[in-house]
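Owing to the predicted nature of the structure, the values given are computational and were not obtained by experimental measurement.
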Amino acid sequence: MNDFSYHRLESLVDLAVRPVWASPRCKRMMREELLAHLVAVHAEEFEKSGDEQAALEITLGRFGAADELGHELQVSLPVRKRGFHLFEKETLMSRWLWFVAVLAIFVGPGLVMPAIAHLNQAGTLPLLPLAIGILITLAGIGLAGYGLKQRFARIS
């Protein structure tokens, strides 16, 4: 099997498994099992026909639509494996990370705005609340960026 065929099969398996609502470990096991099955089917079809492209097309045809298979995988999961992955350590930490980021993005300007209002009224700018508010806001934006990076790294 050449690299193109393998990556094509791998991307198809990823399309089928990605939307499944399960733990990362369970999804990894699904990916490995489906990919092993597809590689075996491809090897069988290649042995019959001797043509790499034809074997790939037949294998993809036997696999079917990725979204339908993803739905069937979701339905086949036991109830205990469907929703409890929300309480795993890495997912729970990312939820807390998002909560802190959003809170910081809202609290930071809450400290900056009164400092700017004080500038308009008294003509002086209190630097400490202004600096703290700006730092909290920037930290929230940084945490949100880190959370997005982690989210997209987990998807791919």
request  = Supply the atom-to-atom distance H42 NE2 to Y6 OH, rounded to the nearest 0.5 angstrom.
outcome  = 12.5 Å

ask   = L35, V17: one ILVMFWY side-chain cluster at the under-4.5 Å cut-off?
value = yes

key: Pairwise distance CZ(R8) to CG(D3) - rounded to 0.5 angstrom   = 15.0 Å

request  = Look at the side-chain heavy atoms of Ile, Leu, Val, Met, Phe, Trp and Tyr, link any pair under 4.5 Å apart, and say whether V39 and F4 land in one connected group.
outcome  = yes

query = Charged N to carboxylate O under 4.0 angstrom, E57 versus R62?
reply = no

request  = For P126 and H118, work out which heavy atoms get closest and say how close.
outcome  = CD-ND1, 3.6 Å

ask   = Minimum heavy-atom separation for L130 to I116, with atom names?
value = CD1-CG1, 4.5 Å

inquiry  = Measuring from atom CZ of F46 to atom CD of Q53, what distance do you get when rounded to the nearest 0.5 angstrom?
reply    = 12.0 Å

ask   = Counting only heavy atoms not in E33, do more than 12 fall under 6.0 Å of its CD?
value = no

request  = Look at the side-chain heavy atoms of Ile, Leu, Val, Met, Phe, Trp and Tyr, link any pair under 4.5 Å apart, and say whether L56 and L69 land in one connected group.
outcome  = yes

inquiry  = Before you tell me yes or no, could you show the steps for L77 and C26 under side-chain contact (heavy atoms from CB on, under 4.5 Å), namely the whole-Å CA-CA distance, both residues' side-chain angles and the distance that decides it to 0.1 Å?
reply    = CA-CA 10 Å; L77 276 176; C26 184; 3.7 Å; yes

ask   = Considering residues at least two apart in sequence or located in another chain, which fulfil the side chain to side chain contact (heavy atoms under 4.5 Å, CB included) criterion with R28?
value = R25, E32

ask   = Can you tell me how far OG of S76 sits from NE2 of H71, rounded to the nearest 0.5 angstrom?
value = 10.0 Å

inquiry  = Do L111 and F106 land in one hydrophobic cluster if side-chain heavy atoms of ILVMFWY residues count as linked below 4.5 Å?
reply    = no

message = Grouping I, L, V, M, F, W and Y whenever their side-chain heavy atoms are under 4.5 Å apart, do L135 and L127 come out in a common cluster?
response = no

message = Measuring from atom CG of D67 to atom CG of L15, what distance do you get when rounded to the nearest 0.5 angstrom?
response = 9.0 Å

remark   = Taking every heavy atom of P109 against every heavy atom of T137, the minimum-distance pair comes out as CD-OG1, 3.1 Å

inquiry  = Ignoring hydrogens, what is the shortest heavy-atom contact between L73 and V20? Give both atom names and the distance.
reply    = CB-CG2, 4.0 Å

request  = Please examine the side chains of L9 and L60, heavy atoms only from C-beta on, and report whether any two atoms are closer than 4.5 Å.
outcome  = yes

message = Pairing donors with acceptors under 3.5 angstrom, does anything connect the side chains of S5 and N2?
response = yes

task = Grab the two heavy atoms, one from F63 and one from L34, that are nearest each other, plus how far apart they are.
result = CE1-CD2, 4.2 Å

remark   = CG of L12 to NE2 of H7, rounded to nearest 0.5 Å, is 14.5 Å

inquiry  = I need the minimum non-hydrogen distance between A101 and G140, along with the two atoms involved.
reply    = CB-O, 3.5 Å

Note, R31 side chain near E10 side chain (heavy atom, < 4.5 Å) = no

